[in-house]
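Just so you know, these numbers come straight off a predicted model, no measurement behind them. Start at 1 and go down the list; that is how both ligands and their atoms are numbered.
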Amino acid sequence: MKTKKILPFMILASLLGSGVNAGDCCDGCSVPSRSFGELADGRTAMIYTLTNKSGMKAEITNYGGVVVNLMVPDRDGKLADVALGFDKVSDYEKKVYYFGSLIGRYGNRIANGTFELDGVTYKLPLNNEPGGIPCSLHGGFKGFHTVLWDAEPLVAEDGTQGLKLSYVSKDGEEGYPGNLTVTVHYWLDAANALRISYEASTDKATPVNLTNHSYFNLAGEGSPTINDHELMLKASAFTPVNAGLIPTGEIAPVEGTPFDFRTPHPIGERVDADHPQIALGGGYDHNWVLDNQDGSMALAARVKHAATGRVMEVWTMEPGIQFYGGNFLDASDLSSAKSGKPYPKRSGFCLETQHYPDSPNQPAFPSTILRPGEAYKTTTEYRFSAE
Ligand code: BGC
């Protein structure tokens, strides 16, 4: 996408200009930003407000690249914030649910926090232990969700507003090899799509699996359940897990199981079904093997909330998607989030586009290894509409 740099005089011009507010979206307008508060180490996190011509709004902070607020119209044009999260950056530092965060260097779990690459064994921090079995989750304690990214607001020639986030993850950071240079672009287009494009390059072979960990509730965050949302997943298979939520290596057909979302089903319909994989996941917390495996942009998921008419489609180039039904959300710890309402278990869902969990230890899975000279490039879009 062609972009213009926003220079201070443009911001001033847009503010002084003919009745244009900083929040309005038109060619030449700026992306407003404000402080999102101080981090524990004294640095200031910023928050950037992307708007489009249809009235949708995405507020993104450079702390963890978190999508903090996502205002989406219902069938009557009424906006609601469909993204779970906090209104203080300090809460994001203290409470690690990965609300809205960018995830890296490796999304989801790596068994025992260990992998071997080109004859070298690497050890990662063990920051998670489902079923008492330790693993490394979402890039470790200081994964990309904890990074204060360099941020550059952007406006495309057609007025589309975006945010470029950059970070260099040093060789050895959280145990991973190679200096990894990462760029993420968020764009909010006129058709109500939030596009996330990820790029990375390295100077040593390393696993890379980047995603975004937004939790959605299409009735509005703070609504008590997602069980009434209808979900479709374009996936004929999934990767069953063991007690540590690590894939067993099997690619299992969804046919005849509660994991078959090839036609839409309410999330709550089978979430407590008597199925060993549901028991292990405490509900849905699995990687689906998307039907599209050729790296092109394709529809992966569609979620509909009938009462408001809000629809969210997920389009991606990735081969997998983690449908996580918010089983670990805990109202006692999340008694007062953004809206002042608690976030109980299963009040938000994630659809994390990704390569499969534990791929560095699973040679039969599509490779996640990036080598020097190669370009990691992948795009996911969350497309909103109402019917
Ligand atoms: C994982 C869950 C985990 C959650 C963390 C998801 O991607 O699949 O098992 O609890 O992230 O909030």
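Nearest protein neighbour of atom 3 (C) of ligand 1, counting heavy atoms only, is Arg109 NH2, 3.8 Å. In terms of protein heavy-atom proximity, atom 10 (O) of ligand 1 is closest to Phe328 CD1, 3.0 Å. Residue, atom and distance of the protein heavy atom nearest to atom 2 (C) of ligand 1 are Asp285 OD2, 3.1 Å.
A donor-acceptor pair under 3.5 Å is formed between the side chain of Asp171 and the backbone N or O of Gly178. With hydrogens and angles disregarded, a donor-acceptor distance shorter than 3.5 Å links the side chain of Tyr284 to the backbone of Pro258. At least one donor-acceptor pair under 3.5 Å links the side chain of Asp81 to the backbone N or O of Leu70.
Each of the following atoms of ligand 1 lies closer than 4.0 Å to a heavy atom of His213: 4 (C), 5 (C), 6 (C), 7 (O), 11 (O), 12 (O). The contact set between ligand 1 and Tyr98, taken as ligand atoms under 4.0 Å from a residue heavy atom, comprises 5 (C), 12 (O). Listed by atom number, the atoms of ligand 1 under 4.0 Å from Asn108 heavy atoms are 1 (C), 7 (O), 8 (O). Interface of Glu352 with ligand 1, defined as ligand atoms under 4.0 Å from a residue heavy atom, comprises 6 (C), 7 (O). Atoms of ligand 1 lying under 4.0 Å from at least one heavy atom of Tyr215, given by number and element, are 12 (O).
Hydrophobic clustering, with ILVMFWY side chains joined whenever heavy atoms are under 4.5 angstrom apart, groups Leu370 together with Leu210.
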Pair Arg383-Asn192, side-chain hydrogen bond (donor to acceptor under 3.5 Å, both in side chains): steps then yes or no: CA-CA 6 Å; Arg383 300 186 185 176; Asn192 283 352; over 6 Å; no

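Here Tyr284 has no heavy atoms under 4.0 Å from ligand 1, in either its backbone or its side chain.
Checked against a 3.5 angstrom limit, the closest N/O atoms of Gln322 and ligand 1 fall inside it.
One finds no salt bridge joining Lys338 and Asp91 here, because no Lys/Arg side-chain nitrogen approaches an Asp/Glu carboxylate oxygen to under 4.0 Å. Between Arg302 and Glu387, at least one side-chain N (NZ, or NE/NH1/NH2) sits under 4.0 Å from a carboxylate O, which counts as a salt bridge.
Heavy-atom separations between Phe323 and ligand 1 are all 4.0 Å or longer. The closest approach between His286 and ligand 1 stays at or above 4.0 Å for every heavy atom of the residue.
When every heavy atom of Met56 is checked against every heavy atom of Pro73, the shortest pair comes out as CG-CD, 4.5 Å.
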